[in-house]
Amino acid sequence: MASRAVMVAVLVAAMAATCARAQLHEKFYGESCPSVEDVVRKEMVRALSLAPSLAGPLLRMHFHDCFVRGCDGSVLLDSANKTAEKDAKPNQTLRGFDFVEKVKAAVEKACPDTVSCADILALMARDAVWLSKGPFWEVPLGRRDGSVSISNETDQLPPPTANFTVLTQLFAAKKLDAKDLVVLSAGHTIGTSHCFSFSDRLYNFTGRVNPTDIDPTLEPQYMAKLRNKCTSLNDNTTLVEMDPGSFRTFDLAYFKNVVKRRGLFHSDGALLTNAFTRAYVERHAGGGYKEEFFADFAASMIKMGNADVLTGSQGEIRKKCNVPNH
């Protein structure tokens, strides 16, 4: 009887998750706020024309939102005692929060109390990719906003120092597989990173903290260039292009870099340690399958955007993205 009860509980949970995903659809605001995508895109075009480097951070913010409590806008919440997700170390370098509030205000003006911050963030991430010459996809909408944000829960975020085993475990927890891992990692084709996210590869790879303690898997010339930019293990301010030469363009250069052992993060290099992900990297390093990769990226973004979403009567529609309504 006990095992049967467990099976029933598992089936009910699976059905609930399926129903939640099913409630997301591209025309969710077709009647209640038909202009939402136009409003968001207008703000995105204006912002990225002035600050094109904002595209990478906005894509990253959506990623960081979805990996903690699902895509519920919890990464946007403030905390008076600094215990929210945005206060945790992995999120302290996120930027664009003020711009998200600006876009939310524009959407509220067009359609008050209608569109969630989680949906706005998903649309902004899509437009950040598209306006960087990447793929366009229809974003399933209908997410609701959560009201809980806990800094300690950011341990669910895949760190840049992770090996392949850790990466696959963290992705699997969000129902994302090895293909999603290698495809979404290519989001590193746009944006920059602070030195401290990878400087252990340059000065402290095994914990000895000396100039010879380097990551042997990193290509030597690239290593030298990085050390010229990040002059010490304690550099907390310098920014480095994740995809040198085309960090504002969403393209396949990321794969070319990784296959040459010039992936910036340990997690990038880890893609070469698995047969499947290595084959995917090598296939797209040649640049001959752009449309295939673009389709794969769109599919994985939609899949990630379905992670543990709140729908229906769950959650709320925040008036401002940084504070709950209650």
Side-chain angles (χ1 to χ4, degrees), residues 41 44-64 93-96 99 124-137 158 160 179-195 197-199 201-202 217-230 238-272 277-301 304:
R41 188 163 304 123
M44 287 292 293
V45 169
R46 182 182 299 151
L48 294 188
S49 66
L50 297 173
S53 63
L54 191 58
L58 292 174
L59 174 60
R60 182 175 176 234
M61 191 181 294
H62 178 51
F63 186 96
H64 281 222
T93 54
L94 289 179
R95 63 188 182 93
F99 179 54
M124 292 174 70
R126 187 273 310 277
D127 286 352
V129 170
W130 180 62
L131 292 169
S132 301
K133 301 183 180 180
F136 182 92
W137 62 93
K179 183 175 182 180
D180 299 311
L181 166 60
V182 65
V183 168
L184 292 173
S185 292
H188 292 162
T189 187
I190 54 173
T192 58
S193 173
H194 287 82
C195 290
S197 294
F198 58 86
S199 57
R201 305 184 77 188
L202 313 180
T217 67
L218 201 58
E219 193 272 324
Q221 289 185 341
Y222 185 51
M223 168 83 70
K225 289 181 179 178
L226 291 177
R227 287 172 66 122
N228 283 336
K229 293 181 178 180
C230 305
T238 305
L239 288 171
V240 174
E241 298 173 6
M242 292 192 289
D243 186 356
S246 64
F247 76 108
R248 292 179 178 175
T249 303
F250 194 97
D251 54 25
L252 280 76
Y254 168 82
F255 295 113
K256 187 180 297 185
N257 290 331
V258 172
V259 84
K260 291 180 178 180
R261 296 190 294 123
R262 293 185 174 189
L264 185 61
F265 305 118
H266 184 75
S267 59
D268 295 323
L271 299 176
L272 298 177
T277 53
R278 183 186 183 99
Y280 191 96
V281 168
E282 291 173 343
R283 176 177 176 81
H284 291 286
Y289 302 96
K290 176 180 174 180
E291 296 305 317
E292 177 183 289
F293 164 62
F294 276 19
D296 286 346
F297 190 83
S300 288
M301 285 294 290
M304 183 187 75

Closest heavy-atom contact between [X] and [Y]?
X	Y	answer
Cys195	Val240	SG-CG2, 4.1 Å
Phe250	Ile190	N-CG2, 3.7 Å
Ala128	Ala55	CB-O, 3.6 Å
Ala285	Val259	CB-CG1, 3.8 Å
Glu241	Thr192	CA-CG2, 4.1 Å
Ser132	Arg248	CB-O, 3.7 Å

Can you tell if the side chain of [X] reaches within under 4.5 Å of the side chain of [Y], non-hydrogen atoms only?
X	Y	value
Arg201	Thr217	yes
Asp296	Lys179	yes
Phe294	Trp137	no
Arg261	Tyr222	no
Phe293	Pro135	no
Phe247	Met242	no
Thr189	Asn257	no

**SB check Glu219 Lys260 (cutoff 4.0 Å)** = no
* To do: Kindly assign one of parallel, tilted or perpendicular to the pair Phe136 and Trp130, based on the angle between their ring planes and the thresholds 30° and 60°.
  => perpendicular
For this session: Hey, can you tell me if Phe265 and His188 have their rings parallel, tilted or perpendicular (30° and 60° cut-offs)?
Result: perpendicular
Inter-residue atom distance [X].[atom1] - [Y].[atom2], 0.5 Å rounding:
X	Y	atom1	atom2	result
Ser185	Leu271	OG	CG	4.5 Å
His194	Leu239	NE2	CG	4.5 Å
Leu226	Leu264	CG	CG	6.0 Å
Met61	Phe99	CE	CZ	10.5 Å
Cys230	Lys225	SG	NZ	14.0 Å

Under 3.5 Å donor-acceptor, Arg227 side chain and Leu202 backbone: yes
Flag, side chain of Ser49 to backbone of Arg46, donor-acceptor distance under 3.5 Å: yes
Sorted by chain and residue number, the salt bridge (Lys or Arg N to Asp or Glu O under 4.0 Å) partners of Asp243 (sequence neighbours excluded) come out as none
Residues passing the salt bridge (Lys or Arg N to Asp or Glu O under 4.0 Å) test with Asp251, sequence neighbours excluded, are none
| message | Between Arg95 and Ser53, is there a side-chain donor-acceptor contact under 3.5 Å, judged purely by atom types and distance? | response | yes
Result for side chain to side chain contact (heavy atoms under 4.5 Å, CB included) between Leu59 and one of Arg126, Met124, Met301 points to Met301
